[in-house]
Number of protein chains: 2
Amino acid sequence: MAGQVQRQTGVALWRQIAERIRQAISAGTYDETGMVPPETVLAAQFGVNRHTVRSALAALAQEGIVRAVQGRGTLIERKERLNFPISKRTRFNSGIGDQARETRGLLLGHDEESADDEVARWLKLKPGEIVIRLETVRKADGRPVSSATSWFPAERFAGMPEAYQKTESITRAFAELGLSDYVRATTEITAAHAEAADLMALELTPGAIVLITKAMNTDLDGVPVQYSVTRFAADRVQFTIEN
Amino acid sequence: MAGQVQRQTGVALWRQIAERIRQAISAGTYDETGMVPPETVLAAQFGVNRHTVRSALAALAQEGIVRAVQGRGTLIERKERLNFPISKRTRFNSGIGDQARETRGLLLGHDEESADDEVARWLKLKPGEIVIRLETVRKADGRPVSSATSWFPAERFAGMPEAYQKTESITRAFAELGLSDYVRATTEITAAHAEAADLMALELTPGAIVLITKAMNTDLDGVPVQYSVTRFAADRVQFTIEN
DNA sequence: TTTAAATGTCTATTGATATAGACAACCATA
DNA sequence: TATGGTTGTCTATATCAATAGACATTTAAA
């Protein structure tokens, strides 16, 4: 279980160790005590100096995952990971269900623009047709979970920005604009290291992982109504596909 | 498009830059020339010294993604990313389709063991019932794409290791053992940094990302026949979910 | 054949990362 | 109220990552 950390790889030891501890917390390895093992023990396990472990724990404390108490130890503050079901009926808010007390959708910005090749292809428009672009961040219990860029056919969903800002939900915004139901047609999933914009929007630290989905929703007639590129903080979520 | 590498984050600049170039290659940014921009240009774009860019390119060359030619430039050798459709009929080999010339499934090891809580839950067995565990690595065109640990009910699929070794495919191994068809019931997806075992099995460099799926297949009567934890090299694959 | 543009190699220096040891401060409990 | 176990802080040193500059070598094109 100890497992070795790798030197001279361009990834600092303290960062590798932070990641290992984060995963151990998430896996419930320390559930019995509710605490991370003492720094000296961790240092021995990973084969590094105690100071290096302290750097790792400091990073986790910065994220609010652990809290060190002098004389006692390092307490675990959070260990949850949100589960997102992906299916025909994929929706952010109902998907979260009772996993969080409170979910919010914040509109960071919006614009009208002409569709580039990628957007046009997904929405089955001609390149150059006008689309509405929404930049949003979704939070659960105050923690940012995902940031999304969404495109909608402008003609059909002219009032989208206002509707989203009012309802804080794509589903409810669609409803306000006369689309009572829609289905998820396609989802693509990849993973990458967080970019500068992710660090800001999702309150991540550099080197963190983002799960990226490209998704297309259609109305019940199969006409595309939304294309979204969504970036999730990978250590806060998992996806479930039920067939 | 330029800039935005982060300093003092525990992730070396050359590693961040390698990741950015890797993604640009994958996105087709350099398709016109088939070459990466000159080192001096990249250095200016990222705001770092040329030597730092050279470290990044050296890492990509080590992976066989680019090849530097003195006097000419740095050529792109590979840019593909395999697409995995995930659906009721998810299978590795047919999913790959014509994306690779050759796919292989290698059996690294196998064992009989009693099911732990997690395996028992997924396979709907009682904890302690005997299961067969298979450790496999799947390759496309000689490059490792995923490493998997799979569990099967021992009673029903006693000859699994031999059948897999012979056929190099789960689907064909099932067929040999009398199961002509099966369906994917559930898939869970997460992402994490590669661990030491991943680096070996998938020929990755430390800091790389792995996409992790936990999947359960059933026969046509809904009886679980396989539970797998599969780790994919994130920069070589993407998943597509079609509803 | 010359030249410009590109990668390859070398030296030197600075700043970040990691190790090592010592000791202070704090907490729980025997 | 001691005591052992824990986190917090300090100093010093070694190694890795990154910058800086100079120049060699190779290629393609003028």
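Note on naming: letters A, B, ... go to the chains in the order of the sequence lines (proteins, then strands), and numbering restarts at 1 for each one.
Distance A/Trp14 CH2 to C/dT19 P: 14 Å, rounded to the nearest Å. The nearest whole Å value for the distance from the OH atom in B/Tyr30 to the P atom in C/dA6 is 14 Å. If you measure from atom CG of A/Leu57 to atom P of D/dT7, you get 8 Å, rounded to the nearest angstrom. Computed from coordinates, the A/Leu75 CG to C/dC27 C1' distance equals 12 Å when rounded to whole Å. The interatomic distance linking B/Arg15 (CZ) with D/dA18 (P) rounds to 11 Å, in whole Å. Look at CG on B/Leu13: it is 15 Å from C1' on D/dA20, rounded to the nearest Å. If you measure from atom CE of A/Met35 to atom P of C/dC27, you get 13 Å, rounded to the nearest angstrom. Between B/Gln16 atom CD and D/dA17 atom C1' there is a gap of 12 Å when expressed in whole angstrom units.
Qualifying salt bridge (Lys or Arg N to Asp or Glu O under 4.0 Å) partners for A/Arg22, counting only residues two or more places apart in sequence or in other chains: A/Glu19, A/Glu63, A/Asp235. Residues satisfying the side chain to side chain contact (heavy atoms under 4.5 Å, CB included) criterion with B/Arg72, sequence neighbours excluded, are B/Val69, B/Leu75. The salt bridge (Lys or Arg N to Asp or Glu O under 4.0 Å) search around B/Glu112 returns none, not counting sequence neighbours. Every residue meeting the side chain to side chain contact (heavy atoms under 4.5 Å, CB included) condition with A/Gln23, not counting sequence neighbours, appears here in chain and number order: B/Ala192, B/Glu195. Remark: B/Arg231 engages B/Asp198 in a side-chain hydrogen bond (donor to acceptor under 3.5 Å, both in side chains) (not counting sequence neighbours). Every residue two or more places apart in sequence or in another chain was checked for a side chain to side chain contact (heavy atoms under 4.5 Å, CB included) with B/Met200, and none qualifies.
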Write out a two-atom table: protein N or O, nucleotide N or O from nucleotides 25-30 of chain D, distance below 3.5 Å.
{"from": "D/dT25", "atom 1": "O2", "to": "B/Gln70", "atom 2": "NE2", "distance (Å)": "2.5"}

Dump every N/O contact between nucleotides 21-23 of chain D and the protein below 3.5 Å, one line per pair.
{"from": "D/dG21", "atom 1": "O6", "to": "B/His51", "atom 2": "NE2", "distance (Å)": "2.4"}

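Side chain of A/Thr213 to backbone of A/Ala215: no donor-acceptor contact under 3.5 angstrom is found. Side chain of A/Glu135 to main chain of A/Leu107: no donor-acceptor pair is present (N/O by atom type, distance under 3.5 Å, no hydrogens or angles).
When each of C/dT9, D/dG8, D/dT19 is scored by its nearest atom to the side-chain atoms of B/Arg54, the top-ranked nucleotide is C/dT9. Of the candidate nucleotides C/dT19, D/dA18, C/dT7, D/dA18 has the atom nearest to the side chain of B/Ala12.
Along DNA chain C, the nucleotide nearest to B/Pro37 and the one nearest to A/Thr52 differ in position, and the one closer to the 5' end is contacted by B/Pro37.
Taking side-chain N and O atoms only, A/Ser55 has no distance below 4.0 Å to OP1 or OP2 of C/dT17. For A/Thr74, a side-chain nitrogen or oxygen approaches OP1 or OP2 of D/dT7 to under 4.0 Å.
Residue pairs meeting the ring pair (Phe, Tyr, Trp, His ring centres under 6.0 Å) criterion with at least one partner in residues 20-40 of chain A, sequence neighbours excluded, are absent.
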